[in-house]
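This report concerns only the one structure given below.
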Amino acid sequence: MNILEGLNPAQAEAVTTTTGPVLILAGAGSGKTKTLTHRIANLIANEGVWPNRILAVTFTNKAAREMRHRLASLVEADASHRDFMPWMGTFHGICVRLLRIDGHTIGVGRNFVIYDEDDRQALVKQAMKQLSISDRDIKPSQISSAISNAKNKLQTPDDLKGEARYPFQQHLATIYDRYESMRRDAGALDFDDLLLEAVRMLQSSPELAKKWRDHFEHILIDEYQDTNAAQYQLVKILVNQSKNICVVGDDWQSIYSWRGADFTNILNFERDFPGCHVVKLEQNYRSTGNILEAAHNVIQKNDQRSDKKLWTSAGDGSPVTVHGIYDENEEARLVAERISSQVAIGARKYDDFAVLYRTNAQSYTLERLFLQLHIPYQLVGGVRFYDRKEIKDIIAYLRLIYQPNDRMSFSRIANVPTRGIGATSMEKFFDWQSNQGLDIITALEQIAMAGIISGKARQSMGSLAAILRRLQSMAETEAPANIIEAIINDTGYRHYIDDGTPQADERAENLGSLINEAQAYASLDDFLEEVALMSSADTTSDGQKVTLMTLHAAKGLEFPVVFIVGMEEGIIPHSRVFDSPAELEEERRLCYVGMTRAREELHLSYTHSRMQFGQRSYNPTSRFISDMGEGVVSTGPTHLGGFAPQNLPDDELFYSDEPGFDIGDQVRSSMFGDGEIVDIDGLAVTVRFSSGQSKKLNTQFAHLQKL
DNA sequence: TCATTTAACGTTTTT
DNA sequence: CGTTAAATGA
């Protein structure tokens, strides 16, 4: 049996300890996916566990897909039952499956649609309108994320109402409540509901909980450090008497606390499952010694962390390089030239490189230059394929056919392509529809006869109803790809996007790709689910291209050469975390994750100045740079020819931390009038002006005059 | 009702 | 700076 071959002793121990709780503390690059895959293979091939009785949770769909492939090739040798695969997927995906099977017990219909971030925010907006709460004082986006937070902590509107102490919280609870009833009426679940409702379902019925507890003999969870309260609760419910639960994770790589993830879940695993078997994977197979050492030195500065020391037998390798650059354009140029020259001499291929950054906005400069220099690149994240307008429109049609109560989707497509159904007609329609208690398609059919709505709109609604009804019956027999084609043709959408602009072709192409994607799915619910749960990390890498992505998106990946750009205070660590020690530690972990993606070369850069918010800003070098230690770091070129800083006046080249102001100084600004300095933070001063408002200003730009 | 213009606004990270 | 949402006029 080759399943145990090629594993080191710690990995083998993790694979062969098949009963009872197991905690695998796996450092970066220690072969954790391999261990997990082999563990599953071993359970199936050597322990005789029925694959269907195994639940394996991964962080992304891509990870699940990869694991499935590796598992297939491992087990294939003696596994005749290829169709039988373990339950594999993300928490969200698993919950969808559970809810489709048993959701009806708590009133969740089988054909629910899944709302994404945009849908949720749009619905919040509608809820606020209904409650006549102005979106000037309270931002829908703020409410939307607050609702998400509440759901991740399993809090209901009533829970919030109970502890509401400020007007905002009361409003929040009210809007949340209305949002929930509107969402239910639409037959929809949002992202967080998938977890929340699955937990609620299992908690509501002891028999149901027992059914699934008995079903899953083995549970494995990857990236356990990034589980949130709802996911944790789900795990606790599903683990049965024999406690065959195996979690893998690394608290040093926990970077999703802003999404409700709680890495103390992994630190407390031993407490939750007493007597658990702990395996530490500390041998790193990915990076060279210098990279590992520098990354280690950065993470050491955190207080909230477990103790471990990764090691490698790979040798020191080249030192980590640090480049101080003039501005973000020069930074992009440095990266581009490094890549081009290495590819030109045949030392590397384009897909050996990854450029990592903290915020998506930073990709812009890189993209522009890469396009100019004809460097092929692939952007992970950013504007997702499924976020494009034309794609979302078609998806909305599909959703409406699938779930004819989905108002959100109907609102989106009612007048797309334009058919003369305006805001007033829509309002009348919704009023009438909810009074009659009909689903949207039926209501459309009947409103034409009711004489509520006049002229053109009335006629349009009638013909739209006919089209939708026909598509709906089609959906019972036809594959998703055919339905999409029918939508594009029958609704006049194809003609609608062909508006003569240069983007018309691109849109048509996108629709073609959508049909292609859909070919892979046999049923509408599978396709809609896949679309809804698709993540940016799930974009398949294709061909010889440099990869551009955020540090977050890089989790779990590796590249021979990694650039991390924007190593500046305010970017990494991000300025929004400065007053929170816990969040600062997360930034440090994020930096650690980025650094440990590199196999052979790691290049870091920071700039003297950078355009942010359309303003030039001057950020000090990131504190993480000085934490890396001197032995492993070599300082690279600090500028490139042509745009060298020495061409510039001295006073723009260097700045001191002393802005020449003190707290309490009276100053005059040409923009805001007179005021008093109330706070100083490096080059930024906060001024309270006589008008009453406070402003944070950069002393280099504001031209404040001392009085 | 729709298209064009104008204003505001936002940038952390995403299943 | 660049994008999207509201406002305005036709």
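The chains referred to below are lettered A, B, ... by the order of the sequence lines, with proteins before strands, and numbering in each begins at 1. Nothing here was measured: the structure is a model prediction, and the numbers come from that model. Only heavy atoms go into these numbers, but all of them, side chains included; no hydrogens, no water, no symmetry mates.
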| task | Salt-bridge test for A/R589 and A/E586: reply yes if a basic N is under 4.0 Å from a carboxylate O, no otherwise. | result | yes

| Nucleotide nearest A/K125 when distance is taken to its side chain, options B/dT15, B/dT11, C/dA6 | C/dA6

| query | NA contact type, A/G420, heavy-atom cut-off 4.0 Å: base, sugar-phosphate, or nothing? | reply | sugar-phosphate

| query | Looking across every strand, which nucleic acid part, if any, lies under 4.0 Å from A/Q612 by heavy atom: base, sugar-phosphate, or nothing? | reply | nothing

| field | Among B/dC2, B/dT13, B/dG10, the nucleotide that comes nearest once only the side chain of A/K139 is considered | value | B/dG10

| Below 4.0 Å: OP1/OP2 of B/dT15 and any side-chain N or O of A/Y256 | no

| When we call it a touch if two heavy atoms are under 4.0 Å apart, what does A/F91 touch: a base, just sugar-phosphate, or nothing? | nothing

| note | A/E530 atom CD is separated from B/dT15 atom P, nearest whole Å, by 13 Å

| request: Establish, with yes or no, whether the OP1 or OP2 oxygen of B/dT15 is under 4.0 angstrom from a side-chain nitrogen or oxygen of A/T58. | output: no

| d(CZ, A/R120; P, B/dT15) in whole Å | 13 Å

| Strictly by modelled atom types, are A/D222 and A/T58 linked by a side-chain donor-acceptor pair under 3.5 Å? | no

| note | By nearest-nucleotide position on DNA chain B, the 5'-leaning member of A/S148 and A/N415 is A/N415

| From C/dG2, B/dT14, C/dC1, nucleotide with atom closest to A/Y364 side chain | C/dG2

| field | Gap between atoms CG and C1', on A/D118 and C/dT3 respectively (whole Å) | value | 14 Å

| message | Please determine whether the number of non-hydrogen atoms from other residues, nucleotides or ligands lying under 6.0 Å from atom CD of A/Q304 exceeds 12. | response | no

| message | Side chain of A/A361 only, heavy atoms from C-beta on: which candidate in B/dT11, B/dT13, B/dT1 is closest? | response | B/dT11

| For A/K389 and C/dT4, what is the distance between atoms NZ and P respectively, to the nearest whole Å? | 6 Å

| Separation of atom CG in A/D190 from atom P in B/dT14, rounded to whole Å | 19 Å

| said: Nearest to the A/F191 side chain among B/dT1, B/dT11, B/dT15, which nucleotide is it? | reply: B/dT15

| said: Give me the atom names and distance for the closest heavy-atom approach of A/N152 to A/R259. | reply: ND2-O, 3.3 Å

| request: Select one nucleotide: of B/dT15, B/dT14, B/dT11, the one nearest the side-chain heavy atoms of A/T90. | output: B/dT15

| said: Side chain of A/N360 only, heavy atoms from C-beta on: which candidate in C/dG2, C/dA5, B/dT14 is closest? | reply: B/dT14

| field | Donor-acceptor pair between A/T607 and A/D327 side chains, under 3.5 angstrom | value | no

| task | Give a yes/no on whether any side-chain N or O of A/T418 is located under 4.0 angstrom from OP1 or OP2 of B/dT1. | result | no

| request: Could you check how far CG of A/L557 sits from P of B/dT14, rounded to whole Å? | output: 13 Å

| message | Could you tell me how far apart A/R368 (CZ) and C/dC1 (P) are, to the nearest whole angstrom? | response | 11 Å

| request: Give the ring-plane orientation class for A/H92 versus A/F191, where under 30° counts as parallel, over 60° as perpendicular and anything between as tilted. | output: perpendicular

| said: Using whole Å, what does the distance between atom P of nucleotide B/dT14 and atom NZ of A/K555 come to? | reply: 12 Å

| note | Comparing nearest nucleotides in DNA chain B, the 5'-proximal residue of the pair A/R419, A/E583 is A/R419

